[in-house]
Amino acid sequence: MKTLPFQLTMIAALISPSAIAFDDASIQTDENAIERVIVTGSRIEESLDEVPATVTIISQQEIAQQMKITPELQDILAALVPGMSPSTGTSSNSAQTLRGRNPLVMIDGVPQSTPLRNGALGIRTLDASVIQRIEVIKGATSIFGNGAAGGIINYITKKAATDKTFAGEISLSSRFSAVKLKDSAGHRIAGNIHGQQDKFAYVLSASYEENGVQRDAEGDILGLKYGLSDAVTENLFTKFNYYFDDEKSAQLTYNYYESQQETDLVDVVGSINTGEKTYAIKSPNGERLIGAPQGPRGNHNIMLKYTDDNIFADTALTFDAYKQDIENVFFFSSNLANQDEGYDGGQSMIKSEKEGLRVTFNTLIDFENLAATFIYGMDMLQDITSQPLLDGRMWVPEMDMENQAFFLQSKWHFNNDIIVKAGIRSESIDLQVDDYQTLKLCRTPSQCSVAMQVKGDTLNYDATTYNFAIKYNYHEAFSPFVSYSQGADISDIGRLLRTATVSDIADIRTEASVIDNYELGFTSNFDDVRIEFSAYRSTSELGTTNQFDPVTGVYMPVRAPQEIWGLETTVSYHISDTLKLNATASKVEGTNTATKEHLGGKQISSPKATLQVNWQPNQDTQLLATLLYVADRDKFEQQNGEWVGDQGPIDSYFTVNLSANHQLGDWQLFAGVENLLNKDYYPVRSQVYSYNGYNLKGLGTTVTMGVSYQF
């Protein structure tokens, strides 16, 4: 097993991660200021008005409002981010793409996704109460390396208030089904303390949540695959800052997250092909679900950062180091059976260990009528990922990736009106895989895949990617931009390795995919109205889709060229100081350009529209209504009378959520209702996936009630 160079590791131990998170705002801060700042896109702090790209920022206030309805980040993102697929209604973000491709999820710049074997669990990596804001940068980018084919979702964590030595908040709440209360009531407690004393600042946060059973609009318990019924979720977050002086500081952050389902329920499995939903019932024998509890078993992130705002003339330095251990356990599946060896099924786990260093310099140069910013530096990452089965078999062999990259990003500001950005990143990746044997898997005793002995090797990837963008702040009423960006992606190599049908890894189509992203758009600001619009096109010579092999019963990866395109728009209207509206609409579509066939629902969702109505009748009371509409999508034909893979048709549906809170001094009473009208529907993923047990209904009317206290 290779390791990062010893000298650099020692330097990291003395200095410090997360070159992105600029922590510009305290826990108690001005939301308007947050909405004007974005840091992730170019790794430095800059005004939104200077970003020639489509960006969505979810503020702390918006997160708090949505948490009164649901604490699930995948639901919050689906409600607030145009271009992001609707929530799956489960713990998984499979089929919840950003502009038709997978995004890279980060906490303060540290990757949480596992792109080498993408298990689609990266969105749920910390409790939403820890987050200061969420920054969503859309479109393929390589500025943070592998896995950002669809863009970046960066959770910026909270920082201590600087005007208090000790402050905090504690919150208690319960969530339950309004359709059928039995066994549905859960409870949640979350709290934090923070403050600053002289040069030392701290944030300590913890949350604990136990779910009851989750019920659909008919009162039945939702199915258990990636389910949240009876899930127990724990999060511990700490952040310590030391300010040597006004220019130099060090920061240590640790995050622990666990969310596992421990239940005595069992599934009654349905299928989209029979029109029967999957739901859960109490086990007839009172036994717990077969196998170990599914979900993140205990994910650890430790991050160390050192900053010097004036390391030398007009230049700032950010030096980051991070280490992460992830264990994501999946459900027991009969598809992992091998009757000859005595296995009736199996349960897999994605294990990932990451160590990384980032060195970022930021130099400012002022000329007459021209200001230039140069961001440059080096990234190093080691990612060791595998997917073993809990019974000892190995499904995906250990992949040991070393990634070194050098980058230069520049921004040119002409006459305060024209912003030009241009950048380059040179990537060098070595991926080592030892000799391994694929698993023999049997759906039935006579329907089995063929085990292959595969010769390992070290795969080398070298890629240079570019970006260029220009924005013209001609007038507040019309600020257009156009951009071109590339991303280099070797994500989900593990899926290719585990289904190998050749004897040498060199013969597997593991080539990197270079994605070209083109976008144009504009923003318009009037007195009380803000409009954002963008159109984009994304192409890649190699994508990864799946095709069912009826002989072996295994879904095999298919590498094929892809084209994805779409439109997004957001309109915000401040009707008055007490009433605000925010509406979004987005549409994405894509094809396999070799066969001219549409891409399936794992990547491409239906058109989506949202409407938020925020009313504050007085200083202490606030109400929020959120409407989500998902349109039809029907692009495929049945095969032999059945839907296959991710090609099921999508029928439209809409939901309405409502939240309210009232302030009583330091106390706040709050309540939220998810699916207020008790709509009976299948979420998008449940409609498109034909896999057994995936067709779960959406939540029926579910109520959250609670109280919080600030001190």
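Just so it is clear, the structure is predicted and the values come from calculations on it, not from any experiment.
- Every side chain to side chain donor-acceptor pair (under 3.5 Å) that Asn695 has, sequence neighbours left out, goes to Thr278.
- Asn517 places no side-chain N or O within 3.5 Å of a backbone atom of Lys138 that could act as its donor or acceptor partner.
- Looking at Asp127 and Thr233, their side chains never come closer than 4.5 Å, going by heavy atoms from C-beta outward.
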(request) Let me see the working for Thr539 and Ile515 under side chain to side chain contact (heavy atoms under 4.5 Å, CB included), right down to the final yes or no. (result) CA-CA 6 Å; Thr539 63; Ile515 298 142; over 6 Å; no
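- Going from atom CG of Asp391 over to atom CD of Glu341 covers 9.5 Å, rounded to the nearest 0.5 Å.
- The two residues Ala488 and Ser142 have their closest heavy-atom pair at N-CB, 4.1 Å.
- Remark: Arg498 is positioned above the aromatic ring of Trp395, its terminal NZ or CZ atom under 6.0 angstrom from the ring centre and at most 45 degrees off the axis.
- Listed by chain and residue number, Gln409, Ser485 satisfy the side-chain contact (heavy atoms from CB on, under 4.5 Å) test with Asn467 (two or more places apart in sequence, or in another chain).
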(request) Quick one: do Tyr518 and Tyr484 satisfy ring pair (Phe, Tyr, Trp, His ring centres under 6.0 Å)? Show the steps, please. (result) CA-CA 5 Å; Tyr518 308 85; Tyr484 168 72; 5.1 Å; yes
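- For the 3.5 Å distance criterion, the side chains of Thr88 and Thr90 qualify, holding a donor opposite an acceptor.
- You'll find the side chain of Thr253 stays beyond 4.5 Å of the side chain of Ile302, heavy atoms only.
- Between Phe636 and His598, the ring planes lie perpendicular to each other; the angle is over 60°, past the 30° to 60° tilted range.
- Gln562 and Gln603 share a side-chain donor-acceptor pair at under 3.5 Å.
- Proximity of Ile326 to Thr114: side-chain heavy atoms (C-beta onward) are separated by under 4.5 Å at one or more points.
- Shown are Tyr254, Tyr256, Tyr257; of these, the side chain to side chain donor-acceptor pair (under 3.5 Å) with His300 is made only by Tyr254.
- Looking at Asp492 and Leu116, their side chains never come closer than 4.5 Å, going by heavy atoms from C-beta outward.
- Residues passing the side chain to side chain donor-acceptor pair (under 3.5 Å) test with Asn460, sequence neighbours excluded: Asp430.
- Between the side chain of Ser690 and the backbone N or O of Gly645, at least one donor-acceptor pair lies under 3.5 Å.
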(request) Decide yes or no on side chain to side chain contact (heavy atoms under 4.5 Å, CB included) for Phe331 and Gln347, but give the supporting numbers first. (result) CA-CA 6 Å; Phe331 53 84; Gln347 194 170 9; 5.6 Å; no
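- A search for side chain to side chain donor-acceptor pair (under 3.5 Å) contacts involving Ser94 returns Tyr689, not counting sequence neighbours.
- Side-chain N/O atoms of Gln486 and Asp516 include a donor and acceptor closer than 3.5 Å.
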(message) Go through it in stages, so that I can follow the logic: the residues are Asn154 and Ile134, the test is side chain to side chain contact (heavy atoms under 4.5 Å, CB included), and I'd like the CA-CA distance, side-chain angles, deciding distance and then a yes or no.
(response) CA-CA 6 Å; Asn154 191 28; Ile134 303 173; over 6 Å; no
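- Between the side chain of Arg358 and the backbone N or O of Gly109 there is at least one donor-acceptor pair closer than 3.5 Å.
- In this structure, Ile564 and Gly100 approach most closely via the heavy-atom pair CD1-O, 3.5 Å.
- Between the side chain of Ser686 and the main chain of Leu696, a donor-acceptor pair closer than 3.5 Å is present.
- Side chain of Asn146 to backbone of Ile490: a donor-acceptor contact under 3.5 angstrom is found.
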(request) Give the C-alpha distance, both sets of side-chain angles, the deciding distance and a yes or no for side chain to side chain donor-acceptor pair (under 3.5 Å) between Ser87 and Gln74. (result) CA-CA 6 Å; Ser87 172; Gln74 59 272 36; 5.3 Å; no
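- The number of heavy atoms from other shown groups lying within 6.0 Å of CG (Asp435) is above 12.
- Other residues, nucleotides and ligands place more than 12 heavy atoms under 6.0 Å from the CD atom of Glu258.
- Interatomic distance, Ile384 CD1 to Lys351 NZ, rounded to the nearest 0.5 Å: 10.5 Å.
- Of the N and O atoms on the side chains of Ser538 and Arg101, at least one donor lies less than 3.5 Å from an acceptor on the other residue.
- If you check the side chains of Asn301 and Gln112, you find a donor sitting under 3.5 Å from an acceptor.
- Relative to the six-membered ring of Tyr343, Arg393 meets both conditions, a distance below 6.0 Å and an angle of at most 45° to the axis.
- Note: Glu427 CD to Thr465 OG1 = 6.5 Å, rounded to the nearest 0.5 Å.
- The two residues Val688 and Ile272 make their nearest non-hydrogen contact at O-CD1, 4.5 Å.
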(request) Go through the steps for Ser449 and Thr438 under the test side chain to side chain contact (heavy atoms under 4.5 Å, CB included), then give the verdict. (result) CA-CA 9 Å; Ser449 63; Thr438 62; over 6 Å; no
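- Checking Glu355, Lys354, Glu353 one by one against Gln324, the side chain to side chain donor-acceptor pair (under 3.5 Å) holds for a single residue, Lys354.
- Of the possible donor and acceptor atoms, one in the side chain of Tyr155 sits under 3.5 Å from a partner among the backbone N and O of Ile123.
- Judged by distance alone, the side chain of Thr499 and the main-chain N or O of Arg495 form a donor-acceptor pair under 3.5 Å.
- Side-chain contact between Pro397 and Leu497 is present, with at least one heavy-atom pair separated by less than 4.5 Å.
- Taking the charged nitrogens against the carboxylate oxygens, Glu519 and Arg99 do have a contact shorter than 4.0 Å, which makes a salt bridge.
- Side-chain N/O atoms of Lys239 and Thr157 include a donor and acceptor closer than 3.5 Å.
- For the pair Asp379/Leu357, no side-chain contact is recorded, criterion being any heavy-atom separation below 4.5 Å from C-beta on.
- Side-chain atoms of Thr97 and Ser85 form a donor-acceptor pair, as typed in the model, at a separation below 3.5 Å.
- Using a 4.5 Å heavy-atom threshold, the side chains of Thr464 and Ile424 count as touching.
- Atom CD1 of Ile604 is separated from atom OG1 of Thr591 by 9.0 Å, given to the nearest 0.5 angstrom.
- Judged purely by atom type and a 3.5 angstrom limit, Asp267 has no side-chain atom pairing as donor or acceptor with the backbone of Val269.
- Shown here are the side chain to side chain donor-acceptor pair (under 3.5 Å) partners of Asn273, two or more places apart in sequence or in another chain: there are none.
- To the nearest 0.5 Å, atom OG of residue Ser503 and atom CD of residue Gln437 are 12.5 Å apart.
- Rounding to the nearest 0.5 Å places OG of Ser352 at 8.5 Å from CG of Asp325.
- A heavy-atom distance below 4.5 Å is not found between the side chains of Gln294 and Gln260.
- Panel note: side chain Ser91, backbone Tyr226; a donor-acceptor pair is recorded below 3.5 Å.
- Residues that satisfy the salt bridge (charged side-chain N to carboxylate O under 4.0 Å, His left out) test with Lys440, not counting sequence neighbours, are Asp340.
- If you check the side chains of Ser386 and Arg117, you find no donor sitting under 3.5 Å from an acceptor.
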